[in-house]
Enquirer: 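This is the structure I have questions about; it appears just below.
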Amino acid sequence: MRRLRPPGAADAKIAHRGTGAPPTSASEVRKHMEPQAKPVFQSLPKCAFRGGYDRGGFEPKRTKREAALEPGVSLTADKERIMAGKVKWVTDIEKSVLINNFEKRGWVQVTENEDWNFYWMSVQTIRNVFSVETGYRLSDDQIVNHFPNHYELTRKDLMVKNIKRYRKELEKEGSPLAEKDESGKYLYLDFVPVTYMLPADYNLFVEEFRKSPSSTWIMKPCGKAQGKGIFLINKLSQIKKWSRDSKTSSFMTQSTKEAYVISLYINNPLLIGGRKFDLRLYVLVSTYRPLRCYMYKLGFCRFCTVKYTPSTSELDNMFVHLTNVAIQKHGEDYNHIHGGKWTVNNLRLYLESTRGKEVTGKLFDEIHWIIVQSLKAVAPVMNNDKHCFECYGYDIIIDDKLKPWLIEVNASPSLTSSTANDRILKYNLINDTLNIAVPNGEIPDCKWNKSPPREVLGNYEILYDEELAQGDGADRELRSRPGQSLGPKGSRLRDAGRTVLTTWK
């Protein structure tokens, strides 16, 4: 970092050219300052200066007012006026798609210890911001890109726990959404594979496993991403071995063992070109109460590099089973040009041509239904802080019967660009997200109603607006008619030739 010279020091140095060495003390510097340029540090106590009078000058402690100015440049009235209307941004995620969007808007970068208006932060940082011990109160002109307890949705175990609770609450209310079939499966809320928490639910899992001993299960650490720590099992002995290899050998000591979820593996995925794939969809939530969320139209599919086989001999081959780019990019057949990705629009066209438009439309209606219901499941427990918004990365797998399954939700979907198209998509994603979260690119005001006009949505479309749903009575009407077609089973109802939107639209 270049040393910050006091205002006027540069002019004083120029004044001494040809007359000997530049001034070497603070008093000499002050002599040659212009009269109208009042030194910023003149009135500061000595404790504000670090390092004493070293190397012909002093190193003053930076003030918040100088945060956005280059070191060594004096604060003038003009610059202060310019700074007054600028959004000051901070990020601890150094990605070009973020920084380019900030700079395009003319926003000014500052440090986290200075006055800022917009902070795009990692999930680790958000914990500190809202921590009881280390956190601090945000002002009305500050916003961040995570809700305080986003993990209620983005931790694998908590997501499943909240969805299970949501189902039970709807059952108690007698809601038709919680209706079950003859075998006891939910008709409208069966969108998460059977899942247990380990070590807590080990005995329940064993009981379920023994009902179908030939089934395959997938184990995932609750707090990791990018495919780390994931493996498949089809024998109880494999779980016991995992337990022995872990830090402790007992399933009962939860505090010292990393928590895992174990889910029934979707062993009949829809294949294209013989390869397994999943969907990465982006969903923006501006507020949970009332719930208002937006679907990004430019999601993509991620393909495995090796053709799929359910053979047990390939259970350890992650290039067959896991679609994560972080894993697939190390495969021999990984294509660096298209990155093993397909746009959602291409998928839709493919399915319309092979399965028909009506079936394809129903599939995407079901995907939208899943997303809204998952958000409704966590809304009651989410800390709906007015300073927050969040862009989630939803991972969906489609089976060969065209039934979509929610696999997980990511709080910080990757902003790394693996291809040129990837870079364009993610740049536009951030651009459209900022247009909604920070209207007109102006200094945020947390008191606004978070309901932007449609013309600024870009590639986002409104997925669900709770206020609108309650206002037109659609939500209440549908919930009160158990005989009517609900949710993904009949995404649009026909009434005398008039289209009636479902609860999630």
Side-chain angles (χ1 to χ4, degrees), residues 89-99 101-102 109 111-113 116-138 142-163 197 220-230 258-261 280-288 293-294 296 299 302 324-327 371 374-375 377-379 381-396 406-417 426 429-430 433-434 436-438 444 446:
W89 63 271
V90 190
T91 185
D92 58 359
I93 302 175
E94 296 293 326
K95 296 295 180 184
S96 61
V97 294
L98 281 175
I99 295 170
N101 265 295
F102 300 154
Q109 184 176 13
T111 70
E112 61 181 322
N113 295 321
W116 53 266
N117 305 115
F118 185 91
Y119 198 150
W120 191 287
M121 59 181 65
S122 65
V123 292
Q124 291 80 15
T125 304
I126 200 72
R127 291 194 197 104
N128 298 330
V129 169
F130 289 103
S131 165
V132 175
E133 294 82 14
T134 61
Y136 49 90
R137 184 182 297 276
L138 297 179
Q142 292 181 306
I143 59 173
V144 296
N145 64 313
H146 293 292
F147 287 92
N149 58 335
H150 62 86
Y151 46 78
E152 295 286 353
L153 177 65
T154 59
R155 259 188 71 105
K156 300 173 183 70
D157 53 342
L158 295 179
M159 179 192 80
V160 173
K161 176 183 175 183
N162 283 313
I163 289 174
M197 278 53 121
K220 303 178 182 180
C222 293
K224 292 183 179 177
Q226 298 183 324
K228 295 173 184 173
I230 297 178
E258 183 177 15
Y260 270 68
V261 294
R280 164 56 60 86
L281 302 173
Y282 298 104
V283 177
L284 173 65
V285 176
S286 58
T287 169
Y288 273 98
C293 55
Y294 306 83
Y296 200 62
R302 303 178 296 185
N324 307 71
V325 175
I327 290 175
I371 292 170
S374 68
L375 293 172
V378 300
V381 297
M382 196 66 73
N383 182 346
N384 189 46
D385 193 289
K386 65 182 180 179
H387 303 91
C388 306
F389 68 94
E390 194 140 23
C391 181
Y392 297 107
Y394 270 75
D395 292 345
I396 305 282
L406 174 59
I407 302 303
E408 62 184 65
V409 183
N410 297 272
S412 290
S414 172
L415 295 177
T416 301
S417 303
K426 290 173 180 176
L429 169 70
I430 299 302
T433 299
L434 294 179
I436 294 174
V438 191
C446 291

Enquirer: Rounded to the nearest 0.5 Å, what's the gap from CZ on Phe102 to CZ on Phe118? Could you check?
Expert: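 The distance works out to 5.0 Å.
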Enquirer: Kindly give the heavy-atom pair with the smallest separation between Val285 and Tyr288, and that separation in Å.
Expert: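 Closest pair (atom of Val285, atom of Tyr288, distance): CG1-CE1, 3.7 Å.
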Enquirer: Taking the side chain as every heavy atom from C-beta outward, state whether Phe130 and Leu138 have any pair of such atoms under 4.5 Å apart.
Expert: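 Yes, close enough: below the 4.5 Å cut-off.
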Enquirer: Go through the structure and list residues passing side-chain contact (heavy atoms from CB on, under 4.5 Å) with Thr125, not counting sequence neighbours.
Expert: Asp92, Tyr119, Met121, Ser122, Val129
Enquirer: Quick check: do Val438 and Asn117 have side-chain heavy atoms less than 4.5 Å from each other?
Expert: no
Enquirer: Which residues satisfy the side-chain contact (heavy atoms from CB on, under 4.5 Å) test with Glu133, sequence neighbours excluded?
Expert: Ser131
Enquirer: Return the set of residues passing salt bridge (Lys or Arg N to Asp or Glu O under 4.0 Å) with Lys95 (not counting sequence neighbours), or none when no residue passes.
Expert: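 With sequence neighbours excluded, Lys95 shows a salt bridge (Lys or Arg N to Asp or Glu O under 4.0 Å) to no residue whatsoever.
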Enquirer: Answer yes or no: is there a donor N or O on one side and an acceptor on the other, between the side chain of Asp157 and the main chain of Met197, under 3.5 Å?
Expert: no
Enquirer: Using 30° and 60° as the class boundaries, would you call the ring planes of Tyr282 and Tyr296 parallel, tilted or perpendicular?
Expert: perpendicular
Enquirer: Output the distance between atom OG1 (Thr287) and atom CZ (Phe389), rounded to the nearest 0.5 Å.
Expert: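 CZ of Phe389 is found 13.5 Å from OG1 of Thr287.
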Enquirer: To the nearest 0.5 Å, what is the distance between CD1 (Ile396) and CD (Glu408)?
Expert: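 If I round to the nearest 0.5 Å, the distance is 10.5 Å.
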Enquirer: Does Ile143 form a side-chain contact (heavy atoms from CB on, under 4.5 Å) with Cys446? I'd like the steps, not just the answer.
Expert: CA-CA 7 Å; Ile143 59 173; Cys446 291; 3.9 Å; yes
Enquirer: Nearest 0.5 angstrom please: Ile407 CD1 to Lys220 NZ, how far?
Expert: 5.5 Å
Enquirer: Excluding sequence neighbours, so at least two apart, what forms salt bridge (Lys or Arg N to Asp or Glu O under 4.0 Å) with Arg280?
Expert: Asp395
Enquirer: Can any side-chain N or O of Gln142 pair as donor or acceptor with the backbone N or O of Trp116 at less than 3.5 Å?
Expert: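 Indeed, once roles are kept as given, a pair shorter than 3.5 Å links the two residues.
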Enquirer: Return the OG1 to CG distance between Thr91 and Leu415, rounded to the nearest 0.5 Å.
Expert: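 Taking OG1 in Thr91 and CG in Leu415, the distance rounds to 9.0 Å.
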Enquirer: Can you list the steps and then say if Ile163 with Leu406 is a side-chain contact (heavy atoms from CB on, under 4.5 Å)?
Expert: CA-CA 11 Å; Ile163 289 174; Leu406 174 59; 4.2 Å; yes
Enquirer: Just jot down the side-chain contact (heavy atoms from CB on, under 4.5 Å) partners of Glu152, sequence neighbours excluded, or say none.
Expert: Asn149, Leu158, Asn162, Val381, Met382
Enquirer: Quiz question: by atom type and distance under 3.5 Å, do the side chains of Ser374 and Tyr394 form a donor-acceptor pair?
Expert: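 Checked: Ser374/Tyr394 side chains pair up, N/O donor to acceptor below 3.5 Å.
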Enquirer: Looking only at heavy atoms, what is the nearest atom pair of Pro221 and Lys156, with distance?
Expert: O-NZ, 3.5 Å
Enquirer: Are the side chains of Phe147 and Val378 in touch, meaning some heavy atoms are under 4.5 Å apart?
Expert: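 In short, these two side chains do not touch, never coming nearer than 4.5 Å.
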Enquirer: Do Lys426 and Pro413 have side chains that get closer than 4.5 Å, going by heavy atoms?
Expert: no
Enquirer: What pair of heavy atoms forms the shortest contact from Tyr294 to Ser286, and how long is it?
Expert: CE1-OG, 3.8 Å
Enquirer: Does any part of the side chain of Ile126, heavy atoms only, come nearer than 4.5 Å to the side chain of Pro148, both counted from C-beta?
Expert: no
Enquirer: Can you list the residues that meet the side-chain contact (heavy atoms from CB on, under 4.5 Å) rule with Asn101, with sequence neighbours excluded?
Expert: Lys104, Arg105, Tyr427, Ile430, Asn431, Leu434
Enquirer: Ignoring hydrogens, what is the shortest heavy-atom contact between Asn410 and Thr154? Give both atom names and the distance.
Expert: C-CG2, 3.9 Å
Enquirer: Please round to the nearest 0.5 Å and tell me the distance separating atom SG of Cys293 and atom CD1 of Ile371.
Expert: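 CD1 of Ile371 is found 8.0 Å from SG of Cys293.
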Enquirer: How close do Ala411 and His146 get, heavy atom to heavy atom, and via which atoms?
Expert: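 Heavy atoms only, the tightest pair is O-CE1, 3.2 Å.
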